[in-house]
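Accompanying notes for the structure given below.
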Amino acid sequence: MLPMTELAAFPTAAPALDQPYDPATVEPRWYDFWEQNGVFAASDSPDDTRPVYVVPMPPPNVTGSLHMGHALFTALQDSLVRWHRMRGYNTLWQPGTDHAGIATQLVVERQLAQQGLSRRAMGRSAFVERVWQWRRETGDRIHLQQRTLGASPDWSRSRFTMDAPMNRAVVEAFVRLFEQGLMYRATRLINWCPECATTLSDLEVENEEGANGELFEFAYPVEGGGEIVVATTRPETMLGDTAVAVHPEDPRYVAFHGKRVRHPFVDRTFPIITDAILVDPKFGTGAVKVTPAHDFNDFATGKRHGLEEINILNLDGTLNSNAGRFAGLDRKEARRAVKTALVERGLARASKPHVLTLPRCSRSGGIVEPMISTQWFLSMRSMADKALEAVHSGRTVILPTEWTKTYDHFLGSIQDWCVSRQLWWGHQIPAWHGPNGEIKVARERPQECGAESADSPWQQDPDVLDTWFSSALWPFSTLGWPDRTRALTKFYPASDLETGYDILFFWVARMMMFGLHFTGLVPFRRVLLHGMVVDETGEKMSKVKGNVMDPLDLVYGTSFAAMVEKTAPLSPPAEALAKFRKAYPSAAAMGAGFPAFGADAVRFTLVTYPPSNKRIALSPKRIEGNRHFLNKIWNATRLALELLGSGFTWPEQAETARHFYNRWIRSRFAAACESVHTGFDEFRIDEAALASYHFFWDELCSWYLEIVKPILRRTPLESPPSSHDLVRETRFTLAYVVEGSLRLMHPFMPFITEELWQRLPRPRSRRISLAFGPYPTRDDEGPARCADVDDWMDIFKDVVSAARAIRSEHGVDKKADVRLTLRSARPETLDFLSAHAESIRTLVKTQGLPILEGPGGRREAGTTMGVVPASGGPIEVLVALRGLVDRDGELARIEREVKKVDRELSSLDKKLAAPGFTERAPKEVVEEATTQRRALVEAKARLDTARKLAEEL
RNA sequence: GGGCGGGUAGCUCAGCGGUAGAGCACUGGCCUUACAAGCCGGCCGUCGCAGGUUCAAGCCCUGUCCCGCCCACCA
C-alpha cells in the first residue's frame, strides 16, 4: 500500500534501452518525479517515530554560481542523505543561501558603477532595496543548479540568512550575548580594508607571504646631539611614530636611554624607550620606530609604555591631517613622498631588499591597515573552551580526525571576534546610540529612544554584523529558533555537518560555539571535512590561472572554446585555451570539448576521490571512465531484462541460493554491501562507491552475467529437466542482484539507477521510487557470504583466464576448435571442474567440453600447457592447438610463468628461512606460507613439464 | 617560527605490518547476438632518501630532502 504522498507522476518519453546510455534523455525525467512524490520531504511530526538524520547544507552565497566545490559537497552530502533515507531515516537535508555581506555588496556596487551609480549617492535604504531586488532576480540560481546534480534537500524548508525569521534569530542572539556581557564595544586596533571601507575579522585577512619589499633605514635626530637609525618596511607610518624603542641591553644605544628625538616633519618630540619584548637587537639597526596606531606590536608596546596613539589615516586609506603636509596623499604616494623628504633632509640611511608578509583583504585583495577604531567585539574565550571540550569529550567527532588538532589550535588561541562591519548589506546591529554616547541594545527600537526619524537624537547603530555571525546560528536558526518549534525539537542537533576544511574556522568552529552557547547542545554529532577541488595538476582553480571548470559544463557538455570564454573572460581566447589544456592534460586529449557526461557520472567521479584528500585533483578522463561505467550498467540491466523475460515475477519471498554461481554472486553482493556500509560509516564514500563499482563491473558483469547468459538462454527443450531448478533459481538471483545493485548504487548515481529500476521487475513491497529504498543491509545480505564458494570461484576464474591467455597469446582464431584438458591430482578439484565444465567451455570458447583427468597423462603434439598454482594443488591447463603453436612464443610464455612462480617462491623462501620466522610468527602465517610454498613447488614442477612439452614442438 | 598533509606504475591516486593495487595512458588480438562508451590478453614499480624497531615494513619509529596548505604581530 502506498502512502498518500506517493502520487504517481510518471515521467514520459522513456528512452529506448537498446541504444547507448544518454544521460541527457534520462536525467531530466526524474527530478520532478522525486519532488512530487515527497522523496525530499522531512517530517517534523512528533508522531513520526523513524530515526532522524539531519545534515545542514552549507548555504552558498546568493551571489554564487555553482563551482566544483559546490558540486563536491552536493555529491557527498546527497550520497549520505540518500543512503540514510533509503535506510528508513526521517532525513532532513537543510538547504538555504547566505547573504554574504561583503561579497554581495561588492557585486551590486560593481553593477551600479557600470550604470554610473554609487551606493553613497543612492543612500542606504535605496541601496539595500536594490540588493534585495537583485537577490530576487538571481538568487537561489545555485539551487537550480544543484537540482541538476540530483540533490535531494527539503527545498520547502529553504532559508535565506537575511529573511525575517533569520533576522529575528540574529537579533535575539546579539541581545542575549550583550546582556550576558559577552558582546561589548571597545576601541582597539582592528583590521581595516580601505577598499571595502570596513573592518575585517582576523580570519578575513589573508597573509600573502613572500612579497618583495624593502627595509628602509632612516635617522631620527636625537635631542642633545646624535641620531638614532631605525629600520622599517613602512616609512610612511613614521608620521604616526610616538617612540623609538631599543633593547635595554643593547650597548650601542645605552647613551640614548631616556633621551628624546625630534620628528623631522611634524612638530613633536617623543622618547627613546627600552623594550625587550618588541626589540630584537639583531634585526635591522636594533632600533625600532613605534607606531601604536598602525601596527599590532607597536600598539601593545604603546600600551606598555603609555604612548600616544596617533592615527594618521582616513578610512579610505589616505593620510589625514595628523600627517601634516602629507595629508591627503594615498598610502602609496605617501610612502614615496616621505622617503623623498627624508632623503632631502639628509636623514635617509639605507635601503635593503626585504621579503615580507602582506596582510590582504580576502574579498578585495587590498592591503589591510591596522587602525584604531571603536567596534563591537564578541568575547570568545568561554565559548571556545566549551567548543573545545565538546570535541575532546567526543560529543562531536571530527573526521578525518587529524583536523581535531587544527580545531584545537584555532580555538585555543582565539582572540575576541570583531563582529561589526561598516557595510549596508547585512543584519544591522540592534543597538541605539543616544545623544550623550549612551548605548541601548534591544530586540526592537526601545521606546525611550523615541520615534524613528532622521533627526532623532537616538540613531540605530549603522553597522551590520559579520556575515558569519548569522551562519554560526544556521543549524538552529533554520529550524525556527528562538521558538521551540517542532522542527527544532526534531532536527536539532544535526547528525552530520559535511563541508570543506577551508571553513573549519569561519563556520564550523563558530557553529560549535554558538550551538553550545544558545542551546546547550552540540550543533552536530559529526563534522565531516573534505578537501579542495583542484585542477589535474594540483593547482587551485582560479580565473587568473584559467583552470576553472564549471560542473554544469561537464554535465551538459561544451566546447573548450565556449568554456574558457565563460570561465576565463579576462584572457584572450587562445591563451585561455592553452592554459586550460595545460591544467587538464587528460581533457586536452579528448578533442575540442566535453561530451555530456551527465550528472551521475560527475557525481560518481567526485565521490570516488577520498574526501580526506586535501587536494582533489579532478580528472576529466576519470569522469569519462565513469560515464562508461554508466553505460555498462545500462547495458547490463538491458541484458538482465532480456534474460529474465517478460514472464518473470518476483516470488513472494526472497530465497537463498543453492547453486554455485548464484551462491557466489550473492556472496560477492553481500561483501560489496558490507564495504559500502563501512565506507559510508567511516566517511570513506570513495570506498563505498568503488566497492559498488567493482562488484558491478568485475564480478556481476565480467563473470556472473557471462556464466548465466547461456543457462538462461537455453530453450526449454535444450535444458534438461534436472536443470529446471537451476534455471528458476538463477533467474531469481539475477533479478535479485541487479535490483539490489541499483539500490546499492542509487545514493551515488540517482538518475540512472531510478530509470533502470523502474523498468525492472521488483518485489511488490517496493515503494514508488527507488529513492525510498530499502537499502541493502548488512544483516540481510551478510548470511550470503561464503568464503569457500569465493575460493572455488577464484579457481574457476584462474582456470578460465589461463586458458584464455594461451589462446590469446598464440593468436588463436576465436572460431578455431581447440580442445581443453584440465589435470589435477586432487579429486575435489576435478569434481568441481567437472561440475562447471559447461561454463568453462562457454567462457574459454572451446568447442567441446574440457577433458578432465589426473596428472601425468599422455602428451599430445601441438599442445600447450599453463599451470594454475591453486593452493589445493596445481591445475594443469592444456590447450591443444593443432599445429597453431608457435614454439618460441610458447617457451617465452612458460618462461614468464616460471619467473613469476620463482619470484614468489624466492620471497617465500626468504621469509621461511629468516631466523625466527617459524618460532615467532603466528602459526597461521607460518602454515599459510608453508602451504603456499608447497603449491608453488608443485606448480613449478608442472611448469617444467610444460617446458619440455614446448621444447618438443 | 609553529602546525598539518603529501612524495607508491608514464599520469591521477588507493593500500598503512604478512607475497605491490585501481582508473587512465601504452600495447597485441577481437565489430564474440548486453555493451567498441565494449571484450580477451600483455607491458609497466630498488613504494623520496638514510638509519632503526620487528620473524616480517610503502605501512611503525628517528633523522633528512623536496612539494603543498594552514596558523603566527618579527620592525
Side-chain angles (χ1 to χ4, degrees), chain A residues 17-18 20-21 189 207 215 230-234 245 278-280 283-285 287-291 295-300 354 356-357 359 370 400 402-403 405-406 409-410 413 501-502 504-505 531-532 534 536-538 540 585-586 589 595 608-610 612-615 617-619 621-622 624-643 686-687 690 693-694 701-702 705-706 709 713 801 804-809 811-815 845 896 903-908 910-912 914-922 924-926 928-929 932 936:
Chain A
L17 264 177
D18 62 342
Y21 176 59
L189 208 56
N207 292 310
L215 195 59
V230 295
T232 180
T233 54
R234 302 202 51 193
L278 178 71
V279 184
D280 170 6
F283 189 88
T285 61
V288 187
K289 57 188 278 305
V290 184
T291 323
D295 181 280
F296 285 93
N297 279 319
D298 293 3
F299 181 77
H354 181 67
L356 65 155
T357 305
E402 296 83 70
W403 286 106
K405 270 192 191 175
T406 310
H409 182 256
F410 172 69
S413 58
Y501 70 75
D502 55 330
L504 176 60
F505 303 155
M532 300 296 112
V534 296
E536 214 169 356
T537 66
K540 203 168 162 178
S586 85
T608 56
Y609 290 89
S612 55
N613 280 202
K614 278 194 144 179
R615 294 182 309 176
L618 189 65
S619 164
K621 204 68 191 167
R622 214 155 133 170
E624 189 182 52
N626 287 136
R627 186 182 57 143
H628 295 175
F629 178 46
L630 299 192
N631 192 49
K632 190 77 180 173
I633 297 171
W634 183 258
N635 284 298
T637 308
R638 164 154 60 109
L639 173 64
L641 281 167
E642 181 222 306
L643 294 176
D686 56 313
E687 290 188 344
L690 290 173
Y693 176 101
H694 285 122
C701 290
S702 295
L705 290 180
E706 292 303 329
K709 211 161 32 175
R713 272 189 183 148
S801 292
R804 280 170 169 174
I806 291 169
R807 279 195 76 126
S808 177
E809 290 188 26
V812 180
D813 185 276
K814 68 175 166 50
K815 291 190 183 90
K845 298 197 163 59
R896 218 169 44 230
R903 210 167 39 228
E904 289 180 24
L905 206 52
S906 77
S907 91
L908 261 179
K910 216 174 84 193
K911 189 181 194 173
L912 282 160
F917 175 73
T918 39
E919 298 88 64
R920 301 266 202 110
E924 314 85 74
V925 176
V926 178
E928 202 195 324
Q932 265 179 22
L936 286 171

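These numbers were taken from a predicted model, which means no experiment stands behind them.
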Contacts under 3.5 Å, N or O only, protein and nucleotides 2-8 of chain B:
{"residue": "B/rC4", "atom": "OP1", "partner": "A/K405", "partner atom": "NZ", "Å": "2.7"}
{"residue": "B/rC4", "atom": "O2", "partner": "A/K614", "partner atom": "NZ", "Å": "3.2"}

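Side-chain atoms of A/K911 and A/Q932, non-hydrogen and from C-beta on, never get closer than 4.5 Å to each other.
Within the nucleic acid shown, A/L690 has no heavy atom closer than 4.0 Å to any nucleic acid atom. A/Q932 comes within 4.0 angstrom of a nucleotide base, judged by non-hydrogen atoms across all strands. Among the atoms of the strands shown, base atoms are found under 4.0 Å from some heavy atom of A/A231. Among the heavy atoms of the strands lying under 4.0 Å from A/P610 are primed sugar atoms or P, OP1, OP2 only; no base atom is included. Residue contacts for A/V230: at a heavy-atom cut-off of 4.0 Å it reaches no nucleic acid atom on any strand shown.
Here the separation of B/rA56 from B/rG42, taken at their P atoms, is 34 Å to the nearest Å.
Between A/I806 atom CD1 and B/rG28 atom C1' the separation is 17 Å, expressed in whole Å. With rounding to whole Å, A/E809 atom CD is found 7 Å from B/rG41 atom C1'. Distance A/R807 CZ to B/rG28 C1': 16 Å, rounded to the nearest Å. Atom pair A/E624:CD and B/rA25:C1' shows a separation of 12 Å (rounding to whole Å applied). Rounded to whole Å, atom P of B/rC11 lies 17 Å from atom NZ of A/K621. Rounded to a whole Å, the CG atom of A/D686 is 13 Å from the P atom of B/rC13.
No side-chain donor-acceptor contact under 3.5 Å links A/Y21 to the backbone of A/N635.
Under 4.0 angstrom from either OP1 or OP2 of B/rG41 there lies at least one side-chain N or O belonging to A/S801. OP1 and OP2 of B/rG23 both lie 4.0 Å or more from every side-chain N or O belonging to A/H694. The phosphate of B/rC43 has OP1 or OP2 within less than 4.0 Å of a side-chain N or O from A/R896.
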Practice prompt. Walk me through it: do A/R804 and A/K845 pass the test side-chain contact (heavy atoms from CB on, under 4.5 Å)?
Written response: CA-CA 9 Å; A/R804 280 170 169 174; A/K845 298 197 163 59; 5.8 Å; no
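For the ring pair (Phe, Tyr, Trp, His ring centres under 6.0 Å) test, residues two or more places apart in sequence or in another chain that qualify with A/Y501 are A/W403.
The pairing partner recorded for B/rC26 is B/rG42, the criterion being a Watson-Crick or G-U wobble arrangement whose two distances lie under 3.5 angstrom.
For B/rG28, the base has a donor-acceptor partner in the side chain of A/S808 [N/O atoms by modelled type, under 3.5 angstrom].
A/K614 has no carboxylate O lying under 4.0 Å from a charged side-chain N of A/E402, or vice versa, which leaves the two without a salt bridge.
Classified by its glycosidic torsion, B/rG38 falls in the anti category, the angle being over 90° from 0.
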Worksheet, complete the sentence: For nucleotides 32-39 of chain B, 5' to 3', base contacts (B), sugar-phosphate-only contacts (S) and non-contacts (-) with protein non-hydrogen atoms under 4.0 Å give B-BB-BSS
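Sequence order on RNA chain B of the closest nucleotides to A/Y609 and A/Y501 puts A/Y609 first from the 5' end.
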